[in-house]
Student: 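Attaching a single structure in structure tokens format; questions to follow.
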Amino acid sequence: MRRASAVALAVVVPGALLGWGAYAALGGPRDSGPDRVKSAAPSGWTAPSDGTSANGGIGAGAKPGPDSAATPLKGKVVVIDPGHNPANHRHTAEINRQVDIGTNRKECDTTGTSTNSGYSEAAFTLDVAHRLRALLQQRGATVKLTQDADRPYGPCVDERARIGNAAHADAVVSLHADGSGSGNRGYHVILPGEVRAGGADTRAVVGPSRELGRLVSAGFGRATGTAPSNYVGDGSGIVTRKDLGGLNLSTVPKVFIECGNMRDTKDAALLTSGAWRQKAAQGISDGIVSFLRG
Ligand SMILES: [Zn+2]
């Protein structure tokens, strides 16, 4: 039930978002395209309302269509980096270990934040990662996750970067939700700044990452209907940082997205909604697809 619904939901992409040419190229009405999607959704289906579906079958039913035009990302590699790890809090010594991020040394990883009611950022990032993986696989991409709660902690931020590099990823998106003050709302995308220090050299990826970030931010805003951050950046929902090891050490196009502020009750209501997380994954996927289609 959920599997079928997820597949249907996954393609609720208004043709307008893709542009008509792209939509037609995808097979138009022949593939499981926008117009037939809504009627395909079982009428009694309701979206999961909490994080318990994180390991549910969201991604399992996604199969690329037989029509290669429906799989424009065939041959492309996307690495999804779900921030933190649900078990990090049980491994504080390990995650506090300092690792080299080029510019300086920094903690291996952190526990991440949570909503006031205890829904963890790590559960959120994994859930969105599964939804995003399904959407990208439907488009034909090869998708790799840096972690899937399949390791005791981490990986450390330097290893997270190396996983994307070793995969020769065409795009990497690191998923997060913020832990800021109440009243601070909205999403923002973080771009790598130009860094050349130690093992870090972002000069080749700053440009493409900026484009990836611009498209992911736009896609996310459209799909979720939420506003860019009212507390970080200039209102565009895009900021640049040079202090994140996961960006500094990347040799492939990479951005972070902070999907909202878990400590704000209005943002938390969104972040804890399965239906909203599906929109979030759709928006990020739209941005990645636009980036990779060029
Ligand atoms: Zn985070």
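Just follow the structure's listing: the first ligand is 1, and inside any ligand the first atom is 1. All figures in this text were calculated on a predicted structure; none of them were measured in a lab.
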Student: Would Val173 and Ile288 count as a side-chain contact (heavy atoms from CB on, under 4.5 Å) if you check the C-alpha gap in whole Å, the side-chain angles of each, and the deciding distance to 0.1 Å?
Tutor: CA-CA 9 Å; Val173 175; Ile288 293 170; 3.7 Å; yes

Student: Could you tell me whether the Zn ion (ligand 1) has an N, O or S atom of Glu121 under 2.8 Å away?
Tutor: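 So Glu121 does bind the Zn ion (ligand 1) by this criterion.
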
Student: With no hydrogens and no angle check, just 3.5 Å: does a side-chain donor-acceptor pair link Thr251 and Asn165?
Tutor: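 Yes, because at least one side-chain N or O of Thr251 sits under 3.5 Å from a partner of the opposite role on Asn165.
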
Student: Which N/O/S atom belongs to His176 and is the closest one to the Zn ion (ligand 1)?
Tutor: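 Distance check against the Zn ion (ligand 1) picks out ND1 in His176.
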
Student: Please find the N/O/S atom of His84 nearest to the Zn ion (ligand 1) and write down its name.
Tutor: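 Sorting the N, O and S atoms of His84 by distance to the Zn ion (ligand 1) puts NE2 first.
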
Student: Indicate whether any N or O donor in one side chain lies under 3.5 Å from an N or O acceptor in the other, for Asn184 and Asn261.
Tutor: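 Looking only at side-chain atoms, Asn261 and Asn184 do not form any donor-acceptor pair under 3.5 Å.
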
Student: Does a donor on one side chain sit under 3.5 Å from an acceptor on the other, for Asp178 and Tyr231?
Tutor: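 Side-chain D/A pair, Asp178 to Tyr231: present.
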
